[in-house]
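Hydrogens, waters and symmetry mates play no part in the numbers below; they use all other heavy atoms, side chains included. It should be emphasised that the depicted structure is a prediction, and the values quoted were computed from it without experimental measurement. Note that the numbering runs from 1 along the sequence shown for the chain.
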Amino acid sequence: MDTTDQIDQVRDDFITRMGVIAMGEGLPRMSGQVFAMLVFEGEPIAFGALSRRLSVSRATISTSIRLLEERGLIRRMNKTGDRQDYFQLADDAYAAMTKYALAGTRHAKAEINDTINKLPTEADGVRARLDSFAEFYETISTALDDVATRVSKPKI
């Protein structure tokens, strides 16, 4: 197997695995695959090329693109003289991913705290377990906040 074939095989495997990971995080598999392709290739890819290379319909790509753009993970661009849209990884994609995860952990903690506030004072055991659960999310939030700061720093 030559180097090009080996890289193609590694890329295809990576894209497949990132689709599975995306599903585990509540995203559509194809959104994870589009994101993975943009990460792996490192250059803008045309809308039609995404559809062809991932062997899916343009509608499926469109849905995935919309979701990734809404989350600030990719950006749309045009090339002079070409009417087609191109997509590439956003400059701050990893910071955007971290901030999205951070919002999720903060939401979970708020829901737990809301439940704690509704408990009668006699529910000490339940309150202690939920306090521990809320602290777990607080710890994750603190760590993610640190990560967001680190990945948002400009590279020198």
Salt-bridge present (Arg127, Glu122; N to O < 4.0 Å): no
Within 6.0 Å of CZ in Phe14, more than 12 heavy atoms from elsewhere: yes
Residues, nucleotides or ligands: over 12 heavy atoms within 6.0 Å of Glu69 CD: yes
Gln33 side, atom CD; Asp12 side, atom CG - distance, nearest 0.5 Å: 10.0 Å
Nearest-0.5 Å distance that lies between atom CD in Glu138 and atom CG in Asn113: 9.0 Å
Trace of the side-chain contact (heavy atoms from CB on, under 4.5 Å) decision for Phe47 with Ile61: CA-CA 8 Å; Phe47 183 91; Ile61 293 296; 3.6 Å; yes
Using atom types as modelled and distance alone, determine if a side-chain donor or acceptor of [X] lies under 3.5 Å from a backbone N or O of [Y].
X: Ser152; Y: Ala95; value: no
X: Arg71; Y: Ala96; value: no
X: Ser62; Y: Arg58; value: no
X: Thr63; Y: Ala59; value: yes
X: Gln84; Y: Gly48; value: yes
X: Thr98; Y: Tyr94; value: yes
X: Thr115; Y: Glu111; value: yes

Gln88 vs Arg75, side-chain contact (heavy atoms from CB on, under 4.5 Å): CA-CA, chis, key distance, verdict: CA-CA 6 Å; Gln88 70 180 34; Arg75 68 182 184 96; 2.7 Å; yes
Shortest non-hydrogen separation from Ser57 to Ser51 and the atoms involved: C-OG, 3.7 Å
Where Gly72 and Ala90 come nearest, the two heavy atoms and their spacing: O-CB, 3.4 Å
Evaluation steps, side-chain contact (heavy atoms from CB on, under 4.5 Å), between Lys79 and Tyr86: CA-CA 8 Å; Lys79 290 188 177 183; Tyr86 286 77; 3.7 Å; yes
Side-chain H-bond candidate by donor/acceptor type, Thr142 with Thr139, under 3.5 Å: no
side-chain contact (heavy atoms from CB on, under 4.5 Å) between Leu102 and Ser141, intermediate numbers included: CA-CA 6 Å; Leu102 180 58; Ser141 294; 3.8 Å; yes
Check against salt bridge (Lys or Arg N to Asp or Glu O under 4.0 Å), Arg11 and Glu41: CA-CA 9 Å; Arg11 181 195 60 235; Glu41 297 299 333; 3.5 Å; yes
